[in-house]
Amino acid sequence: MVKVTKQNVAGYFPCYQWVTTDITVREAKATLAFEDNKDLVALRQEEVGKWREILPWHDWESMPSYPDYPDHDALPRDLQFESEKRRDMNDYRKEGVYNFLLQKVVSVFKDIETYYDYTKFFKAGVNDGKVPDVAHRWRTDREFARQFLQGVHPTAIRRVEKTLPKKFPVTDDHVKGSLGRGVTLQQAIDAGHIYMVDCELLVGIPVPEDRYVTPAMALFYVNANDTLVPIAIQLEQEPGPGNPIWTPQDPHQDWLLVKAFLKCADAQVKNNSKK
């Protein structure tokens with residue numbers, strides 16, 4: 001970490017790689033892509049170009065790509081795990097095997113019929129007997145939205161600019177129970193508080209006869225508490241009577257099931273996208 005002070009303003013420049021030659025690092029300041037100036041954009045493009053030269057990628061048809069290296073030790077030094085991380089991974093692997101075997105033993109004597117039956121595994125010793133906190137809040141809209149920001153596919157959610165696409169005809173009547181009092185959907189869009197997830201990539205994707213994938217879409221809203229929450233979900237790309245727009249005002253179980261469809265769709269987009 002290098003600290004640079006200019007006109008009584010301190011800037012911090014962290015380095016997350018082994019230094020073997022001259023390198024350029026960015027300031028440790030969180031910014032969105034559109035906030036970067038031209039110099040930073042050019043630096044980022046240069047970094048991406050260098051990594052593309054360093055990392056050969058193997059392409060699979062209809063499958064995600066992966067670095068084309070024979071084993072871990074062949075990776076560039078900056079991408080290899082440290083010895084401490086390797087030890088941790090081995091410990092996690094042993095713990096995972098233990099938990100798996102323990103679950104098998106428990107399930108022999110206790111049937112799994114409901115979601116809450118899974119807590120029996122933890123009470124039997126898995127995870128030191130502690131039920132994960134997320135098990136108590138996974139149904140909430142706040143937790144659902146958090147996973148789009150801090151999950152495995154955070155680039156899926158984008159801010160809506162100017163207006164919604166015609167294929168997603170959400171109206172004020174749909175979201176009047178979710179927006180602030182007196183706030184219209186267009187006002188929320190203009191204020192930069194509306195975000196969207198679109199799984200259009202899944203349109204026409206081949207699936208087995210006994211499987212179903214929906215190219216869903218969703219709107220999210222940053223409310224007065226600065227909390228991101230879902231406010232509308234449509235399961236298909238073409239609007240119509242057979243493709244309703246679901247909202248938190250619908251029956252709880254219906255809304256929960258629709259959110260599950262969207263999360264599954266997002267996972268499929270992540271697994272089938274090369275971005």
Side-chain angles (χ1 to χ4, degrees), residues 64 81 84-85 87-157 175 177-178 195-199 202 207 210-235 245-273:
F81 291 121
E84 294 83 357
K85 178 63 176 180
R87 285 196 295 268
D88 288 343
M89 292 176 65
N90 288 331
D91 291 341
Y92 293 148
R93 188 178 296 111
K94 293 176 183 177
E95 182 180 354
V97 172
Y98 166 77
N99 290 341
F100 175 77
L101 295 177
L102 183 59
Q103 292 174 19
K104 288 293 185 181
V105 172
V106 173
S107 62
V108 170
F109 302 99
K110 299 180 180 180
D111 293 334
I112 303 299
E113 298 178 350
T114 69
Y115 168 76
Y116 291 103
D117 286 340
Y118 285 96
T119 60
K120 299 174 183 176
F121 296 140
F122 297 98
K123 294 177 181 178
V126 174
N127 196 35
D128 295 328
K130 300 177 183 178
V131 179
D133 291 339
V134 70
H136 305 296
R137 64 174 188 270
W138 68 274
R139 286 184 173 88
T140 67
D141 287 348
R142 180 172 182 173
E143 173 61 25
F144 178 75
R146 183 195 68 80
Q147 293 178 19
F148 278 91
L149 290 178
Q150 299 176 316
V152 298
H153 195 202
T155 58
I157 188 167
V175 297
S178 300
Y195 292 78
M196 181 174 174
V197 170
D198 188 356
C199 300
L202 300 180
V207 294
D210 57 344
R211 297 290 186 270
Y212 179 72
V213 175
T214 174
M217 294 178 286
L219 283 190
F220 294 79
Y221 173 59
V222 179
N223 61 27
N225 297 322
D226 284 335
T227 300
L228 186 73
V229 292
I231 59 174
I233 297 176
Q234 181 176 291
L235 295 181
I245 294 174
W246 303 86
T247 74
Q249 280 64 54
D250 286 307
H252 173 72
Q253 295 298 332
D254 291 346
W255 179 237
L256 186 64
L257 183 60
V258 169
K259 289 193 294 183
F261 270 107
L262 174 64
K263 203 70 185 75
C264 289
D266 177 62
Q268 293 299 323
V269 171
K270 170 65 174 65
N271 292 333
N272 288 279
S273 175

About how many Å separate [atom2] of [Y] and [atom1] of [X], when rounded to the nearest 0.5 Å?
X: R211; Y: Q268; atom1: CZ; atom2: CD; answer: 10.5 Å
X: I245; Y: M217; atom1: CD1; atom2: CE; answer: 8.0 Å
X: L256; Y: R139; atom1: CG; atom2: CZ; answer: 6.0 Å
X: T155; Y: L149; atom1: OG1; atom2: CG; answer: 11.5 Å
X: F220; Y: F148; atom1: CZ; atom2: CZ; answer: 4.5 Å

Take R87 and N90 through the side chain to side chain donor-acceptor pair (under 3.5 Å) test and state the conclusion after the steps. CA-CA 5 Å; R87 285 196 295 268; N90 288 331; over 6 Å; no
Tell me the closest heavy-atom pair linking [X] and [Y], and the distance in Å.
X: I233; Y: L262; result: CD1-CD2, 4.0 Å
X: I157; Y: P154; result: CG2-O, 3.6 Å
X: W255; Y: P248; result: CZ2-CG, 3.6 Å
X: P230; Y: F144; result: CG-CD2, 3.7 Å
X: V269; Y: C199; result: CG2-CB, 3.8 Å
X: V152; Y: K270; result: O-CE, 3.1 Å

CA sep, side-chain torsions, deciding dist, call: T214, L202, side chain to side chain contact (heavy atoms under 4.5 Å, CB included): CA-CA 7 Å; T214 174; L202 300 180; over 6 Å; no
So L228 and Y221, side chain to side chain contact (heavy atoms under 4.5 Å, CB included) or not? Walk me through it. CA-CA 5 Å; L228 186 73; Y221 173 59; over 6 Å; no
May I have all residue pairs that pass salt bridge (charged side-chain N to carboxylate O under 4.0 Å, His left out) and include part of residues 248-263, sequence neighbours excluded?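 Pairs touching residues 248-263 that pass the test: D141-K259, K263-D266.
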Look at the aromatic rings of F261 and Y212 and report parallel, tilted or perpendicular, splitting at 30° and 60°.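 Geometry flag for Y212 against F261: perpendicular rings.
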Who passes side-chain contact (heavy atoms from CB on, under 4.5 Å) against T227, sequence neighbours left out?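 T227 satisfies side-chain contact (heavy atoms from CB on, under 4.5 Å) with R142, N223, N225, V229 once adjacent residues are dropped.
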